[in-house]
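Worksheet: the structure to be examined is printed underneath.
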Number of protein chains: 2
Amino acid sequence: MGIEDAFGQVVRRMRKERHLSQETLAFNSHLDRSFISLLECGRKQPTLITIFQIARALNVSPSEIIKAVEELEG
Amino acid sequence: MGIEDAFGQVVRRMRKERHLSQETLAFNSHLDRSFISLLECGRKQPTLITIFQIARALNVSPSEIIKAVEELEG
DNA sequence: TTGTAGACTAACGTCGACA
DNA sequence: CTGTCGACGTTAGTCTACA
């Protein structure tokens, strides 16, 4: 499993745990909804700042997201 | 302090702790040396995969790097 | 509500060179 | 050994639109 795929799955899981739509997550993270979709599908990878934006919108620390990615990918 | 600046400082600190040159880090992470320099100076931000590559070259987990960035930036 | 497409701008990352 | 420059190809991220 690729890192981008793992990241997408982690974000999707965390988003659904919080009962957020992609649209709401996009709004709260100041990102485009279509891009959130591409991320969750593992078709794009984020930059550092994007990771921090998404983490903030999910009310989780960026390192927790990355840790989850490591566990899913490793 | 910006996130990119914090990332650069963290990488530089970890690199020096391991007594590596930018050139060695670049080689081990399969990145260009000039780009490592730009990262450490906070003039560029990495993508997710680049973070993982650098972490591997530093023999540290990506989430540990991000955690250090959070602490330096927060 | 989500996936995807196309067109677009800005930025990543490479490479060679020089102080 | 490191910072920076310019040129370059690739990709992040936006926006509109449609199934």
Side-chain angles (χ1 to χ4, degrees), chain A residues 1-66 68-70 72-73, chain B residues 1-60 62-63 65-66 68-70 72-73:
Chain A
M1 142 154 302
I3 294 170
E4 324 146 14
D5 302 284
F7 181 85
Q9 289 191 29
V10 167
V11 168
R12 172 162 288 171
R13 196 196 72 226
M14 290 183 169
R15 174 176 65 81
K16 294 205 165 178
E17 283 172 358
R18 288 157 181 75
H19 303 93
L20 302 175
S21 66
Q22 287 183 353
E23 187 140 11
T24 303
L25 176 58
F27 180 80
N28 292 341
S29 61
H30 307 99
L31 292 166
D32 196 77
R33 185 196 62 79
S34 70
F35 187 59
I36 298 289
S37 175
L38 290 169
L39 284 177
E40 289 191 358
C41 292
R43 295 173 59 110
K44 294 281 187 185
Q45 61 155 335
T47 58
L48 178 66
I49 289 180
T50 298
I51 294 168
F52 272 66
Q53 287 175 349
I54 291 176
R56 185 160 202 86
L58 289 172
N59 199 33
V60 66
S61 72
S63 57
E64 283 179 88
I65 293 185
I66 299 303
V69 173
E70 291 166 18
L72 202 62
E73 183 248 2
Chain B
M1 142 155 300
I3 294 171
E4 325 146 12
D5 302 283
F7 181 85
Q9 290 190 30
V10 167
V11 168
R12 173 161 287 170
R13 196 196 70 225
M14 290 183 170
R15 175 177 65 80
K16 293 205 166 178
E17 281 171 359
R18 287 156 182 75
H19 303 94
L20 301 175
S21 65
Q22 286 184 353
E23 187 140 13
T24 303
L25 176 58
F27 180 80
N28 292 340
S29 60
H30 307 98
L31 291 167
D32 195 77
R33 185 195 62 78
S34 70
F35 187 60
I36 298 290
S37 176
L38 289 169
L39 285 177
E40 289 192 358
C41 292
R43 297 172 58 109
K44 293 282 185 184
Q45 62 157 332
T47 59
L48 178 66
I49 290 180
T50 298
I51 294 168
F52 272 67
Q53 287 174 348
I54 292 175
R56 185 159 202 87
L58 289 172
N59 200 33
V60 65
S63 58
I65 294 185
I66 300 303
V69 173
E70 292 167 17
L72 202 62
E73 182 248 1

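A note on names: the letters A, B, ... follow the listed sequences, proteins ahead of strands, and every chain is numbered from 1.
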(request) For the side chain of B:R33, starting at C-beta, report the closest nucleotide among C:dG13, D:dG3, C:dG3. (result)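 Nearest to the side-chain atoms of B:R33, counting from C-beta on, is D:dG3.
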(request) Kindly point out which of C:dC12, C:dT4, D:dT4 is positioned nearest to the side chain of A:R43? (result)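 Output: C:dT4.
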Nearest-Å distance for atom pair [atom1]/[atom2], residues [X] and [N]:
X: A:E40; N: C:dT1; atom1: CD; atom2: P; value: 14 Å
X: A:D32; N: C:dT9; atom1: CG; atom2: P; value: 16 Å
X: A:I51; N: C:dA11; atom1: CD1; atom2: C1'; value: 15 Å
X: A:K44; N: C:dC12; atom1: NZ; atom2: C1'; value: 12 Å
X: A:I36; N: C:dT4; atom1: CD1; atom2: P; value: 15 Å
X: B:L39; N: C:dT14; atom1: CG; atom2: C1'; value: 13 Å
X: A:F35; N: C:dA7; atom1: CZ; atom2: C1'; value: 16 Å
X: B:L48; N: C:dA11; atom1: CG; atom2: C1'; value: 16 Å

If you look at every strand shown and take non-hydrogen atoms under 4.0 Å, does [X] touch a base, only sugar-phosphate, or nothing?
X: A:S21; value: sugar-phosphate
X: B:T47; value: sugar-phosphate
X: A:L31; value: sugar-phosphate
X: A:S34; value: base

(request) Using heavy atoms to find the nearest nucleotide of DNA chain D for B:S37 and A:T50 separately, return the residue whose nucleotide is more 5′. (result)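 The residue closer to the strand's 5' end, by nearest nucleotide, is B:S37.
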(message) Could you tell me if the side chain of A:I66 sits less than 4.5 Å from the side chain of B:L48, heavy atoms only?
(response) yes
Minimum heavy-atom distance between [X] and [Y], given as atom pair plus value:
X: A:I36; Y: A:S29; answer: CD1-OG, 4.1 Å
X: B:R15; Y: B:L20; answer: NH1-O, 2.8 Å
X: A:S37; Y: A:Q22; answer: CB-OE1, 3.6 Å
X: B:L39; Y: B:Q45; answer: CD2-C, 3.9 Å

(request) May I ask you to verify if any side-chain N or O of A:R15 is less than 4.0 angstrom from the OP1 or OP2 atom of C:dT1? (result) no
(message) Under 4.0 Å from OP1 or OP2 of D:dT11: is there any side-chain N or O of A:Q45 that close?
(response)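 No, because none of the side-chain N or O atoms of A:Q45 sits under 4.0 Å from OP1 or OP2 of D:dT11.
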